[in-house]
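Chain letters run A, B, ... following the sequence lines, proteins first, then strands; residues in each count from 1. Reckoned from all heavy atoms, side chains included, excluding hydrogens, waters and symmetry mates.
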Number of protein chains: 2
Amino acid sequence: MERTGSNAVGFRPLYRQVYDTLLRRLADAVWQPGQILPSEGVLAAELGVSQGTVRKALDALTADSLLVRRQGRGTFVAEHDDKQSVFRFFKLRPDGAVAGTPTSRVVSATEAAATLDERDRLALLRNARVVRMERVRALDGRPCLVETIAVPATLFPGLAAMELPNTLYSLYATRFGITIATAHERLKAIALPADKAELLGRPAGTPVLEVDRVAVDLEDRPVEWRLSTCLTEDIHYASVLR
Amino acid sequence: MERTGSNAVGFRPLYRQVYDTLLRRLADAVWQPGQILPSEGVLAAELGVSQGTVRKALDALTADSLLVRRQGRGTFVAEHDDKQSVFRFFKLRPDGAVAGTPTSRVVSATEAAATLDERDRLALLRNARVVRMERVRALDGRPCLVETIAVPATLFPGLAAMELPNTLYSLYATRFGITIATAHERLKAIALPADKAELLGRPAGTPVLEVDRVAVDLEDRPVEWRLSTCLTEDIHYASVLR
DNA sequence: GAGTGGTCTAGACCACAGA
DNA sequence: CTGTGGTCTAGACCACTCA
């Protein structure tokens, strides 16, 4: 690692450089999810910085939930397909009590030319192609939402022909080396459109929650656009503000 | 500060004890919002711990957005009435561009016996009283939501008779020493009720977003229940998932 | 220049997991 | 018992602010 010295501009802390170096390895899938990282001391020696500096970078990566640290055992690449982690990006909860695991039924999955909206949300060029998926999700056995998902075909070759698991994001990570870091959602209340009424088993015109989500990867590239239409009669969308 | 030694159970890091000590002073309004805290060195000497330990506690309080640290100047109690901080708990944004500041028009403010719902949300006893406020908020001059706000009357004596500012939470902090730490929101899509249709200037039955918020203070006590009914035709609720 | 927070280091010891 | 991360300390130097 290089010290920046007293440059007039562009000062960059050492631990930040370490953070970026490790983030790059995570983005390049040098270390796979679930895998253990070298210990603090080993990383410090390799990068030529003190253990405390490595620790600060590791703590920051842990705060961004990219790593998991376990005292006495080691530092691991975070896995986001655990039962509790399904709910990191799934914010619908039954009104009454705790939620069971959501299930999915895929309606269609095809590759096609990107629409204008898709190109806009995913920052794609003209003539770009996407893999477009439609599915219905259920909570506690009752259908709760229908969603259309679009991803750039170049980033996910062959996805349309695959068996799609319940948690898409772990598939993105394990099969395509793409980690979803954050997602930006825009929520609106709309009247349930006729074409989706049948899939959800509710009359058209019912007030429903429309969730427009763009998910970005570790390098802040938009990699998925998802438009969900959610029933909220016995369910709500939970949000915590800090 | 006391070292815990090697107790079999109940180990509590020193910096956590420092965190709690400082949090208590903030909760007791020993230091007012905007006020500067003693420097790291002074606090370390006072509490009998190292500067690094104090720093870790201060960093944690900063991460919880209770403090603001400015290099070269000092550490300050966070103020949440700045222009950008209005939006910490206000998640509605115009679809097109950047948001102007929201404005408020108070419809009513009275003290009354708490309803069952209010007692439930605010963890109040029977016969408890609340201050209940109703107001309409506008964004860029157009009405966007109507909301009913209830707070325990014992915590906010005289609130019903006050001039209510646009940002209630800064009033809570400065006049009543109550700091809102987090808020839990439950979102649903519903049909606009007739009694609120007039206030918002839209026909009854229009799909609207209902936001049910319970805000808690530094000690995790529920101190405000707010039920907002929001138009989302040209506006959306923005949420970031990490 | 004095004082503040920010970074970086080196080393000690503690808590925890697993062989 | 060994190795891991977690805590705590002390001190050096850097970057920033303001008088």
Side-chain angles (χ1 to χ4, degrees), chain A residues 1-22 26 31 34-79, chain B residues 1-22 26 31 34-79:
Chain A
M1 289 290 136
E2 280 202 25
R3 273 71 175 170
T4 47
S6 42
N7 296 337
V9 75
F11 170 73
R12 198 160 182 72
L14 244 193
Y15 77 89
R16 241 297 168 186
Q17 300 175 46
V18 174
Y19 178 99
D20 291 341
T21 301
L22 299 180
L26 290 170
W31 297 308
Q35 197 177 333
I36 190 170
L37 266 63
S39 74
E40 295 180 350
V42 172
L43 284 173
E46 184 208 333
L47 300 172
V49 301
S50 81
Q51 189 173 338
T53 300
V54 168
R55 158 159 289 144
K56 196 157 181 181
L58 291 174
D59 284 345
L61 287 162
T62 301
D64 294 346
S65 61
L66 300 173
L67 297 179
V68 174
R69 314 196 71 190
R70 280 193 262 262
Q71 186 173 163
R73 296 185 54 195
T75 303
F76 303 81
V77 182
E79 294 181 284
Chain B
M1 288 291 137
E2 280 203 24
R3 272 70 175 171
T4 46
S6 42
N7 297 336
V9 73
F11 169 73
R12 198 159 182 74
L14 244 194
Y15 76 89
R16 242 296 168 187
Q17 300 176 46
V18 175
Y19 178 101
D20 291 341
T21 300
L22 299 179
L26 290 170
W31 298 309
Q35 196 176 334
I36 191 170
L37 265 63
S39 74
E40 294 180 350
V42 172
L43 284 172
E46 183 208 334
L47 300 172
V49 301
S50 81
Q51 188 172 339
T53 299
V54 168
R55 157 159 290 143
K56 197 159 180 180
L58 291 173
D59 284 344
L61 286 162
T62 302
D64 295 344
S65 61
L66 299 174
L67 297 179
V68 174
R69 315 194 71 190
R70 281 194 262 261
Q71 186 174 165
R73 296 185 54 194
T75 302
F76 303 81
V77 182
E79 294 182 285

State which residues pass salt bridge (Lys or Arg N to Asp or Glu O under 4.0 Å) with A:D20; sequence neighbours excluded, sorted by chain then number. A:R12, A:R16

Taking only residues two or more places apart in sequence, or in another chain, which ones meet B:R55 in a salt bridge (Lys or Arg N to Asp or Glu O under 4.0 Å)? B:E40

[N] [atom2] sits how many Å from [X] [atom1], rounded?
X     : N      : atom1 : atom2 : answer
A:R12 : D:dA15 : CZ    : P     : 15 Å
B:Y19 : D:dC8  : OH    : P     : 15 Å
B:L67 : C:dT4  : CG    : C1'   : 15 Å
A:L14 : D:dC13 : CG    : P     : 16 Å

Roughly how far, to the nearest 0.5 Å, is OG1 of B:T75 from CG of B:L43? 8.0 Å

Please tabulate the protein-to-nucleotide N/O contacts below 3.5 Å involving nucleotides 2-6 of chain D, giving atom names and distances.
unit_1	atom_1	unit_2	atom_2	d
D:dG3	N2	A:G72	O	2.9
D:dT4	O2	A:G72	N	3.1
D:dG5	OP1	A:T75	OG1	3.3
D:dG5	OP2	A:E40	N	3.1
D:dG5	N2	A:Q71	OE1	3.1
D:dG6	OP2	A:R69	NH1	3.0
D:dG6	N7	A:R55	NH2	3.0

Could you list the donor-acceptor pairs under 3.5 angstrom formed between side-chain atoms of residues 56-63 of chain B and any protein atom two or more places apart in sequence or on another chain?
unit_1	atom_1	unit_2	atom_2	d
B:D59	OD1	B:R69	NH1	2.9
B:T62	OG1	B:L58	O	2.8

Under the rule for side-chain hydrogen bond (donor to acceptor under 3.5 Å, both in side chains), what residues qualify as partners of B:Y19, not counting sequence neighbours? B:D64

Under the salt bridge (charged side-chain N to carboxylate O under 4.0 Å, His left out) definition, can you give me all pairs with a residue in residues 43-52 of chain A, not counting sequence neighbours? A:R25-A:E46

